[in-house]
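Quick note on labels: first sequence line is chain A, next is B, and so on, each numbered from 1.
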Amino acid sequence: MKKAIKEIIERALEKAKGAGELELENVPDVVIEKPKDEKLGDFATNIAMTLARSERKNPKAIAEIINRHIENGATGLDSVEIAGPGFLNLKMSQRFFLDRLADAVKQRDDFGKSNVGEGIKIIIEFVSANPTGPLHIGHGRGAAVGDALSRILKKAGYDLSTEYYVNDVGNQMNILGRSTWLRYLELLGDEKEFPDDHYRGDYIKDIAQLAVDQQGKEFLGKPEEECVPFFKELARENILAGIRKDLSDFRVTFDNWFSEQSLYKDHSVEGAIQWLRDQGHVYDKDGAVWLKSSAFDDDKDRVIVKKTGEKTYFCSDIAYHQNKIKRGFKKIINLMGADHHGYVPRMEAVLQAMGYDKNIFKILLVQFVSLLRGGEKVSMSTRSGEFETLSDVVNEVGVDAARYFFLMRSSDAHLDFDLELAKQETPENPVFYIQYAHARICSIFRGSKEKGIELPENREVDLSPLVEDEEYSIIKAILAFPEVVEKSAKALEVHRISHYLLDLVSRFHGYYSRHRVISEDIPLTLARLYLLDGLRITIRNGFDLMGISAPEKM
RNA sequence: GCGCCUGUAGCUCAGCUGGAUAGAGCAACGGACUUCUAAUCCGUAGGUCGUAGGUUCGAAUCCUACCAGGCGUGCCA
């Protein structure tokens, strides 16, 4: 929508330059924004102010010049005013907005779609929690943000793949196997010391019970080395299945689950080390193998093969990211918990060591979640077993509220998740406030249908009865949706959608309380229903980007 | 010590690449239901944008220093 305005200003600039009134050596990008106050106009640009320096004229004079060169009959333009320090405020005709509303309504589910992504192949990796226990609330935020971001990026025209990286190799898997084995022995009466660094959650006991049910006493009295591999695999399978289920219950699915083990099986870890060694990025010291990451802005070099001969997690991550690039992804996005932020420089170093621009790689840090229950913070620790799992929270507040709460704040800000608020079905709870608006609109459609008033299938309706300021305020808000999606995709910020929806819907609630949609005036009723149809579509599409349902009745 | 994130109304947070009088929700106070869902709406009040400098026509936004909170700084993942 702003594109049309931008063109009007750009044409005026061209003409002013042609007339010799402006020099315009380097024309800055014309930025179209919304005026502070809607009464000032529909659109505004600060172009006269940004030109002030290079033109050596005061902003108001420049604004005058531009104004003089704006074409009289420019598309949909009603009037232009110069205000404040040199803003050009533009008012558009009602027709301008009505035409665009009609476009939006006809696009239906596609409204909001764009092609800013230009089909670029992107991979986004998120959650990637170790299969050593159920997902907790922090993973939940990562899952919600990653999934919403995926939906947004797709809507913005990127060719997107989602992936979960399964860390199924290494010491923590051995500890997992051993924890399960010890619980198994306990169940059969052979209690041994249970170390502090082992996994203590009840889910381990459940898996041990499963082993008892399936295998009976088969592993009783056998040496540890013969037992742990079995328990490791059993635990891994069970926990991973649980994670998949928790995620799918949370409406999060992945295009691909990528196993770390597979990188060892096909020797790509070895291959990556050798390749880096050939490039001179790897050296041996103190019996270990190091990556010279300090050559690429990391604080220090990092061990990739320990002196025990084991590879570090970081080592297989190198192979993994090499693999992503080999699969043809032009942009790689990883979501990580903020507690892993120390990991960022070394990963960027790896990409550079492999010869790629570090800008193809973007790590998004998702900050912590504090869970509040009755004003008290709930603490979390996987090993102690005292933590809030994602599934507990989802069961308590529902998928819609949980997702909304995870998505309503900028992901680099800490989040206070108030369980009591999320559960409430009152206007204080923003997710219900928005859903309620949708249900209200649907209720109006049911009411009009009963009276035999329905929008025609082809949506050809005369919209000229729409004349109220409030109606245009809603229409403008609807029409901003595609821009919100684009910005959200570019900035990789999901919280913009929730803020947008809240603003959109509050305009509707106000309108609803002052104006009746269904009346004796059939043309007016139809026009208003049409507006509501646009609104309904926008709420639905916005919620869809967040993975939240838009109920027709509440 | 060093690095990253955060600091905006009583609380939780927006504030786009510097722009017009710094916004919203909640809480507080006062109003509105014979009418399409009052799960709603309208109004009032509430601010030294952590502090101090700097950059400029103009700073919550950019730079520097400091203060406060969180996180990190493993041959853990």
Task: Protein-to-nucleotide contact annotation, 5' to 3' order, nucleotides 28-36 of chain B [B base; S sugar-phosphate only; - none; under 4.0 Å, heavy atom] - done: -------BB

With the criterion being N/O to N/O and under 3.5 Å, what pairs connect the protein with nucleotides 16-23 of chain B, and how long is each?
| from | atom 1 | to | atom 2 | distance (Å) |
| --- | --- | --- | --- | --- |
| B:C16 | O2 | A:Lys487 | NZ | 2.7 |
| B:G19 | N7 | A:Asn46 | ND2 | 3.4 |
| B:A20 | N6 | A:Asn89 | OD1 | 3.0 |
| B:A20 | N1 | A:Asn89 | OD1 | 3.3 |
| B:A20 | N1 | A:Asn89 | ND2 | 3.1 |

Might you list the N or O atoms of the protein lying below 3.5 Å from N or O atoms in nucleotides 4-6 of chain B, with each pair's distance?
| from | atom 1 | to | atom 2 | distance (Å) |
| --- | --- | --- | --- | --- |
| B:C5 | O2' | A:Gln367 | NE2 | 3.3 |
| B:C5 | O2' | A:Asp412 | O | 2.9 |

Atom pairs under 3.5 Å: protein N/O with N/O of nucleotides 43-46 of chain B:
none

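Looking at residues two or more places apart in sequence or on another chain, you find no salt bridge (charged side-chain N to carboxylate O under 4.0 Å, His left out) involving A:Lys155. Every residue meeting the side chain to side chain contact (heavy atoms under 4.5 Å, CB included) condition with A:Glu233, not counting sequence neighbours, appears here in chain and number order: A:Arg236, A:Glu237. When the side chain to side chain donor-acceptor pair (under 3.5 Å) test is applied to A:Asp299, no partner is found at least two apart in sequence or on another chain.
Annotation: salt bridge (charged side-chain N to carboxylate O under 4.0 Å, His left out) contacts involving residues 304-323 of chain A, sequence neighbours excluded, comprise A:Glu270-A:Lys311, A:Lys306-A:Glu310. Listed by first and then second residue, the salt bridge (charged side-chain N to carboxylate O under 4.0 Å, His left out) pairs involving residues 491-503 of chain A are A:Glu493-A:Arg496, A:Asp503-A:Arg507 (not counting sequence neighbours). Judged as a salt bridge (charged side-chain N to carboxylate O under 4.0 Å, His left out), the pairs with a partner in residues 477-492 of chain A (not counting sequence neighbours) are, in order, A:Lys2-A:Glu483. The stretch residues 285-298 of chain A participates, sequence neighbours left out, in these salt bridge (charged side-chain N to carboxylate O under 4.0 Å, His left out) pairs: A:Asp298-A:Arg302.
The aromatic ring centres of A:Phe258 and A:Tyr164 sit 6.0 Å or more apart.
Remark: RNA chain B takes part in the stems B:1-7 with B:67-73, B:10-13 with B:23-26, B:28-32 with B:40-44, B:50-54 with B:62-66, each of 3 or more antiparallel Watson-Crick or G-U pairs, criterion distances under 3.5 Å.
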